[in-house]
2 protein chains.
Amino acid sequence: MTVPTGRRERKKAATRQKIADTALRLFLARGYDAVGIREVAAEADVAVTTVFSHFAAKEALVFELDEDFEQRLVRAVTDRAPHEPLIPALRQEIHALVRHCTGDDAAPVWRMIVASPALREYEESMRLRHAESLATAIAADLGLPPATTSCRTIARFVIDAYTLAREAAEPEAAVDEIFQMIEAAWAVARPAQGTTGRGTDRR
Amino acid sequence: MTVPTGRRERKKAATRQKIADTALRLFLARGYDAVGIREVAAEADVAVTTVFSHFAAKEALVFELDEDFEQRLVRAVTDRAPHEPLIPALRQEIHALVRHCTGDDAAPVWRMIVASPALREYEESMRLRHAESLATAIAADLGLPPATTSCRTIARFVIDAYTLAREAAEPEAAVDEIFQMIEAAWAVARPAQGTTGRGTDRR
DNA sequence: TTCCAAAAAGCTAACCGTTAGTGTTACGTT
DNA sequence: AACGTAACACTAACGGTTAGCTTTTTGGAA
């Protein structure tokens with residue numbers, strides 16, 4: 001039972017990386033829609049089925065780097081310091097995420113995403129799944145049932161903030177502006193807080 | 001230059017209707033994913049290309065009835081009585097829309113949509129387009145530039161309200177709950193109102 | 001009435017993303 | 001050394017979608 005980096009796992013990771021790199025290179029060079037899966041597979045010297053055994057869909061090749069988005073948001077809720085209120089913690093995390101994807105190194109990829117309707121649609125759908133995870137984390141943190149409406153609402157508002165801020169002329173200012181609105185919305189939501197949560201009122 | 005209902009337009013509309021009816025009937029009978037476009041075309045006695053000349057995609061066959069959703073939201077903003085505030089007008093419209101799609105007659109269609117990931121994804125993407133239209137209408141109503149962040153934010157919140165309320169245990173109550181949050185968010189947004197709008201402050 | 005331009009519909013044939021089915025190779029374990 | 005299995009390859013297909021081209025229908029002009 002050798003646990004760490006076996007050759008098999010290394011080879012698998014290498015293949016995956018090779019596919020992702022090849023795909024991104026071709027996409028950036030000639031446009032996402034102009035490059036087919038068969039071509040990516042040929043250029044990476046793998047079979048088409050191998051591509052789909054590593055990535056769920058063609059769009060997923062582009063969002064490979066974006067993997068930890070969901071975890072970061074959830075952790076911003078669960079791992080925050082005691083007595084730290086919820087919304088500011090999320091605001092800080094969204095700030096970091098927006099800053100990251102508007103940086104110069106990520107700009108070409110982002111331009112490609114905006115240019116392709118298929119990629120935009122895929123991302124939106126992905127973000128909605130993230131919103132569900134975030135809602136669950138928030139509800140758990142407050143000791144509320146997982147599908148509480150106010151928690152789901154705030155979670156979606158936070159995702160909206162991320163999406164809208166990126167498209168704004170001044171992303172950083174937009175984050176603050178939208179989070180002022182979210183803060184106000186959360187203040188009036190006041191979900192009945194349970195007793196199995198973290199115990200201290202730091203909403 | 002005969003303007004109104006020529007025979008040509010009537011026949012075209014009839015063909016379109018026949019396709020939509022056939023498709024919905026087959027989808028409800030055997031499941032959305034189990035019925036292919038070629039089968040819908042054969043059953044409606046038209047060519048496959050004719051189906052796609054009337055509907056942009058397979059999913060659009062299901063949302064044919066939902067066509068005026070966008071217009072209703074926009075009109076809720078533009079056609080409201082003078083001095084009537086914005087958010088309550090939207091709340092009322094969302095109430096009506098939620099009531100409509102949770103009614104008994106629409107229930108089977110709705111169940112089908114929820115059961116199919118492809119349809120869910122398509123609907124979300126559609127709603128986002130609606131949010132953009134709504135944002136533009138709100139901005140125009142206030143005499144603001146079309147892409148004002150606070151207007152886009154509120155528009156997305158309103159769409160979120162529609163989506164979340166439909167999935168809540170008590171949809172009507174959820175609409176009111178979420179709109180309390182939206183009202184608070186809008187109150188702090190306070191976008192600088194221009195002078196070319198409708199002139200009266202009835203935000 | 002006759003004829004023409006254009007809209008609507010049809011047919012064929014393909015493209016593209018994706019998957020099922022079926023091997024084959026290479027690795028980790030015993 | 002032998003075995004089980006994970007990774008990958010190959011073929012062939014399926015379903016949604018579109019391009020290219022022909023045929024039919026229709027509204028209006030000559």
Legend entry - Ion pair check, E59(A) and R120(A), cut-off under 4.0 Å: no
Inset, instruction - Sugar-phosphate means primed atoms, P, OP1 and OP2; the rest is base. With that split, encode nucleotides 15-25 of chain D 5' to 3' as B, S or - using protein heavy atoms under 4.0 Å. - result: BBBBB-----B
Inset, instruction - Output all residues satisfying salt bridge (charged side-chain N to carboxylate O under 4.0 Å, His left out) with R111(A), sequence neighbours left out; order by chain, then residue number. - result: none
Legend entry - Where at least one partner belongs to residues 128-140 of chain A, residue pairs that pass side chain to side chain donor-acceptor pair (under 3.5 Å), sequence neighbours excluded: E70(A)-S133(A), E132(A)-R152(A)
Inset, instruction - Respond yes when some side-chain nitrogen or oxygen of S53(A) is under 4.0 Å from OP1 or OP2 of dA7(D), and no when none is. - result: no
Inset, instruction - Using atom CZ of R10(B) as one end and atom C1' of dT26(D) as the other, report the distance to the nearest whole Å. - result: 12 Å
Inset, instruction - Give a yes/no answer on whether the side chain of H54(B) brings an N or O atom under 4.0 Å of OP1 or OP2 in dA9(C). - result: yes
Inset, instruction - Scan for side chain to side chain donor-acceptor pair (under 3.5 Å) pairs involving residues 89-110 of chain A, sequence neighbours excluded, and state none if there are none. - result: R72(A)-E93(A), R91(A)-D176(A), H95(A)-E172(A), H95(A)-D176(A), R99(A)-E172(A)
Inset, instruction - In whole angstrom, give the distance that lies between atom NZ of K12(B) and atom C1' of dA6(C). - result: 12 Å
Inset, instruction - Rounded off to whole Å, could you give me the CD1-to-C1' distance for the I19(B) and dG10(C) pair? - result: 12 Å
Inset, instruction - Mind checking side-chain contact (heavy atoms from CB on, under 4.5 Å) for E124(B) and listing every partner two or more places apart, or none if nothing turns up? - result: L128(A), R156(A), T163(B)
Legend entry - Listed partners of Y32(B) passing ring-ring contact (aromatic ring centres under 6.0 Å, His included), at least two apart: F27(B)
Legend entry - Rounded distance in Å - CZ (F55(A)) to P (dA7(D)): 14 Å
Inset, instruction - Let me know the distance between CD of E9(A) and P of dA7(D), rounded to the nearest Å. - result: 8 Å
